[in-house]
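Scroll down for the structure; my scribbles are underneath it.
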Amino acid sequence: MKSRSSFGFISLLIVVLSVVLFVVACASETGEPSPTDTSSESAAEATVEVVDASPKSGGTLTVGISTEVAILDPHKSPTLADHQVYQNVVERLVAFDPDFTQLNPELATDWTISDDGLSYTFTLREGVKFHNGKDFTADDVIYSYNRFMNPESPSPYANGLAGVNSLEKVDDHTIVFNLDFPFAAFLSKLEFMWILPADPEGEIDYAQTIVGTGPFEFTEWVTGDHVTLAKFDGYWEEGLPYLDEVIYKPIEEEATRLVELQTGGVNFVASVAFKDVAKLENDEAITVYRTLGLARDHFGFNVNVEPFDNVKVRQAMGYLIDREGIAAAVFEGYAVPAYTNIPKTNWGFNPAIEGAYSYDLEKARQLLEEAGYGDGFKSSIKVTPAYPLTIKIAELIAEAAAEVNVEFEIVQLDFATWIDDVATNDNYEAEVLLTLGGTDPDDFFYQWHHSGEYFNIWRFNSDELDALVEKGRETSDQDERQKIYYEVQELLVEQAPVHHMVYRESVMASDVIVKGFDMYAREDLVLKYVWIDE
Amino acid sequence: MIPVLVGVSLVIFILLQLIPGDPISIYIVPGMTETQIEALRHEIGLDRPLWVQYSIWLGNVLQGDFGISTRSKRPVLFLIGQHLPATLELTVASLLIASVVGIFSGVVSALKRYTITDYVFTSLALFGISMPNFWFGILLIMLFSLYLGWLPASGYAPWSDGLLKHLSHLILPAITLGLFNAGALMRFTRSSMLKVISQDYIRTARAKGLMENVVIYRHALKNGLIPTLTFLGLQFGFLMAGAVIIEQVFAWPGIGRLTLTAILVRDYPLVMGIVLVIATIFVLSNLVVDVLYTWLDPRIRLK
């Protein structure tokens with residue numbers, strides 16, 4: 001019948017069309033990217049081109065960020081995306097270099113520490129102006145400190161300065177911080193105390209704007225759409241910044257962000273998915289920036305709950321982790337095996353613990369037998385889709401565990417619920433997540449493992465460790481501190497409340513015309529030296 | 001209408017309390033102590049009894065104060081005001097495209113029932129209804145932005161940037177969002193037109209010697225559109241709640257994204273404010289549909 005064959009023909013046409021569209025979509029994907037060299041030396045180098053041309057002034061940098069800006073107030077925001085914006089508007093006394101190994105002067109040009117470690121005297125930079133025309137003096141440091149520590153509404157990082165007992169203004173450009181006890185990591189904690197202009201009447205509303213001393217000043221924030229910064233002509237460093245304008249656009253969808261980079265809708269993206277890195281590296285119109293980042297994925301246990309209260313069981317779990325396999329399968333090769341929380345680039349990192357665990361199912365079986373779990377056991381791993389790659393890691397671990405009769409159920413919770421269960425209520429058995437940030441060795445051990453700390457989510461309780469990390473805070477000699485932290489790492493490897501698995505790389509990308517960008521391990525977005533070659 | 005809205009807000013408030021997940025979570029930063037966390041909890045007002053929290057909120061709302069977003073510390077109404085126009089534009093544009101394409105193809109299909117045209121349109125309608133719009137959106141971006149370079153991939157351009165620029169950003173998300181509704185509308189219109197055409201009064205109109213065009217558009221379509229109108233009214237309210245996925249794919253600064261983030265970070269004042277505003281829009285759009293019925297069908301009258 002005419003109608004039936006027409007129907008058949010039309011259906012066939014539609015099917016063919018769909019297949020064609022499908023093929024077109026997939027054709028944009030290149031083949032499996034080969035894991036590129038991830039040795040720490042090459043990965044830690046920032047990919048900065050040696051340019052013969054000298055920097056040109058002018059131009060607009062449009063940055064695609066992966067989440068929306070939430071809070072502009074530098075004393076209130078805990079989020080990276082916000083940090084990537086306001087760090088170009090406000091500054092602090094001292095700042096880290098891209099590897100986070102060295103503290104450099106920013107608004108303080110010099111500092112001395114008293115012999116007893118209780119007083120830090122800072123010489124403040126002269127000739128610095130705020131965006132509202134005010135001159136920078138010690139009064140602004142005192143104002144910022146008080147606002148930062150305000151007990152009714154403290155900064156999320158206020159605890160870092162809890163040991164500060166008072167500030168003394170010596171003169172307009174000299175200020176002393178007096179501590180209650182010698183705190184070796186004090187300077188690194190000062191990094192979060194952003195300097196704002198003294199504003200006793202509270203006229204500046206930081207929910208709507210930011211005023212600082214940075215190379216760019218705040219222009220506008222249209223929620224959900226963009227934040228614009230403009231060049232600050234009165235910036236203290238001569239000739240900087242080069243850019244006229246910076247526009248931040250939140251583009252959550254990775255595929256869309258990439259297309260915007262490739263079509264020129266943005267000329268910088270602050271976050272690149274690992275599966276897209278090889279494609280971008282092959283694109284001549286794009287510069288890729290990579291560095292070994294400050295994110296460490298871990299597999300942790302609630303040590304108060306069976307069977308993880310048994311150290312042999314926890315150690316056995318360490319032999320289920322195929323670090324190289326995970327780096328290749330989950331991170332496309334853009335990750336490096338880790339055995340501890342502290343990054344390799346940090347002076348406190350103990351090289352002796354490398355390879356402490358390996359992927360060895362026999363060893364795992366043996367340890368489980370010794371612990372009395374020869375027949376295996378059932379448990380659950382709590383994860384959150386807020387960090388989708390950690391779910392894949394958990395799945396790989398569960399697969400390996402099945403070989404030794406350990407059955408892990410993978411439970412996905414949204415982030416807020418995950419925090420409730422794991423961090424607040426100890427309502428979990430095992431978890432996979434990552435730890436971020438940190439600069440001084442103290443940051444990687446004290447709050448995570450000292451008994452009674454909120455972030456000791458594994459509820460690890462060891463007098464020996466407590467004594468070590470407490471001593472580490474108070475000792476000022478770096479060699480002595482290094483010995484202490486080496487011991488801490490060895491203890492943690494042996495007691496295994498948590499297994500750190502990989503250090504992730506951080507990847508950003510830009511149009512080739514963008515120059516002068518240094519990749520920071522913590523994904524800081526420092527735009528002061530960036531210029532556009534057009 | 002007011003009791004409905006108060007009821008809705010109460011239900012949402014209770015639901016928010018029942019779901020697990022502490023609003024404090026996103027503010028917690030490694031290094032914070034328990035005392036600091038408690039101080040934060042107090043600052044946000046979470047340590048007060050539930051009924052107190054709700055009453056304070058309701059009291060403020062009745063005076064026009066929707067409170068402050070816990071996450072960004074900006075006024076809730078201000079945030080909603082910044083996002084709602086973009087969603088309104090997208091909703092109207094996508095419904096316009098969907099209506100023109102859907103109704104036209106539905107009418108033609110009904111008139112040319114069982115011909116090739118009918119089969120093509122029906123298949124395309126099925127395609128529209130079944131295609132995941134997330135994927136279709138990305139396809140459109142790859143085709144029109146990456147390969148052809150004709151249109152920008154994402155984002156929003158204000159009217160002040162020029163009409164053409166503004167439309168170039170609007171068109172892809174509007175087509176993607178309109179895809180499902182175009183298909184659904186085509187099917188609705190086709191089946192309702194088929195019913196109407198077989199009615200006696202249509203035969204009468206033809207017998208009277210009226211031109212076919214007049215018969216269809218003045219007599220048949222008006223009645224055939226009634227179910228379509230219901231559908232459009234409901235869809236308007238639904239779309240105004242924000243097309244979260246499309247907004248995500250196209251980085252469209254609409255209310256969907258705002259709502260999703262607010263829920264994920266348990267930003268209670270913002271969620272409550274958005275729900276109230278959207279519920280109001282929903283109720284109002286249904287009211288408008290009811291009024292339009294009386295114009296389309298004289299048999300229906302408002303009491």
Side-chain angles (χ1 to χ4, degrees), chain A residues 3 6-7 10-11 13-14 18 21 24-25 28 68 70-73 76 78-79 151-154 156-160 162 207-208 222-225 249-253 255-256 259-260 262-263 265 386 413-421 423-424 435-438 443 447-448 453-455, chain B residues 19-34 36-37 39-40 43 68 71-74 78-79 82-83 86 114-116 119-120 123-124 126-127 131 135 138-139 141-143 145-147 149 152-156 158 248-254 257-258 261 264-266:
Chain A
S3 38
S6 304
F7 184 68
I10 298 300
S11 315
L13 198 65
I14 301 297
S18 315
L21 279 173
V24 160
S28 56
E68 238 187 274
I71 311 175
L72 283 181
D73 189 334
K76 296 279 189 288
T79 332
E152 278 165 37
S153 167
Y157 300 98
N159 196 41
Q208 309 284 1
V222 176
T223 346
D225 198 57
K249 285 192 178 175
I251 305 175
E252 274 131 358
E253 183 56 47
T256 312
V259 172
E260 286 284 31
Q262 291 171 305
T263 56
L413 304 168
D414 85 307
F415 194 46
T417 312
W418 190 97
I419 301 245
D420 246 13
D421 275 2
T424 316
T435 51
L436 298 163
D443 296 334
Q447 66 218 22
W448 300 101
E453 284 287 314
Y454 180 82
F455 282 89
Chain B
I19 53 173
D22 198 337
I24 288 295
S25 335
I26 55 146
Y27 304 102
I28 300 181
V29 151
M32 282 174 87
T33 58
E34 295 239 35
Q36 264 183 300
I37 296 174
L40 261 182
E43 195 192 338
I68 309 276
R71 185 159 96 119
S72 66
K73 310 280 188 267
R74 299 172 109 194
F78 170 75
L79 288 173
Q82 284 220 312
H83 287 253
Y114 301 145
T115 60
I116 291 189
Y119 285 124
V120 169
S123 307
L124 286 174
L126 274 175
F127 175 86
M131 174 68 76
W135 189 68
I138 296 192
L139 267 189
I141 292 179
M142 307 221 87
L143 181 59
S145 186
L146 192 56
Y147 291 129
S154 71
Y156 177 89
Q248 171 115 335
V249 171
F250 290 94
W252 190 260
R257 279 166 112 194
L258 188 65
T261 318
L264 284 178
V265 302
R266 311 290 193 276

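Proteins come first, then strands; the chains are lettered A, B, ... in the order of their sequence lines, and each starts at number 1. FYI, side chains are in, hydrogens and waters are out, and symmetry mates aren't considered; it's all heavy atoms of this structure.
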What is the minimum heavy-atom distance between [X] and [Y], and which atoms define it?
{"X": "B:Ala86", "Y": "B:Tyr156", "answer": "CB-CE1, 4.2 Å"}
{"X": "A:Trp448", "Y": "A:Phe455", "answer": "CE3-O, 3.5 Å"}
{"X": "B:Arg74", "Y": "A:Ala207", "answer": "NE-O, 3.3 Å"}

At a 4.5 Å cut-off on heavy atoms, which part of [X] comes close to chain B: side chain, backbone, both, or neither?
{"X": "A:Ala158", "answer": "both"}
{"X": "A:Pro154", "answer": "side chain"}
{"X": "A:Asp414", "answer": "side chain"}
{"X": "A:Ala255", "answer": "side chain"}
{"X": "A:Trp418", "answer": "neither"}
{"X": "A:Asn159", "answer": "both"}
{"X": "A:Gln447", "answer": "side chain"}

So which residue, [options], ends up with the most heavy-atom pairs under 4.5 Å with chain B?
{"options": "A:Glu253, A:Glu68, A:Glu453, A:Gln262", "answer": "A:Glu253"}
{"options": "A:Gly438, A:Ala386, A:Gly160, A:Ala416", "answer": "A:Ala416"}
{"options": "A:Thr263, A:Thr223, A:Ile251, A:Asp225", "answer": "A:Thr223"}
{"options": "A:Asp73, A:Thr79, A:Ile419", "answer": "A:Ile419"}
{"options": "A:Gly265, A:Pro151, A:Pro250", "answer": "A:Pro250"}

(message) I need the residue from B:Ala251, B:Gly149, B:Pro20 with the largest number of non-hydrogen atom pairs under 4.5 Å to chain A.
(response)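 The answer is B:Pro20.
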Contact between [X] and [Y] at the side-chain level, heavy atoms closer than 4.5 Å - yes or no?
{"X": "B:Ser72", "Y": "B:Leu79", "answer": "yes"}
{"X": "A:Phe415", "Y": "B:Val265", "answer": "no"}
{"X": "A:Ser153", "Y": "A:Lys76", "answer": "yes"}
{"X": "A:Tyr454", "Y": "A:Thr424", "answer": "yes"}
{"X": "B:Leu258", "Y": "B:Gln82", "answer": "no"}

(message) Could you work out, with side-chain contact (heavy atoms from CB on, under 4.5 Å) as the rule, every residue matching A:Glu252, not counting sequence neighbours?
(response) B:Gln248, B:Arg257
(message) For the CD1 atom of B:Ile19 and the CG atom of A:Asp420, what is their distance to the nearest 0.5 Å?
(response) 10.5 Å
(request) Can you tell which part of B:Arg71 gets under 4.5 Å to a heavy atom of chain A, answering side chain, backbone, both or neither? (result) both
(message) If I measure from the heavy atoms of chain A, does B:Leu264 come under 4.5 Å with its side chain, its backbone, both, or neither?
(response) both
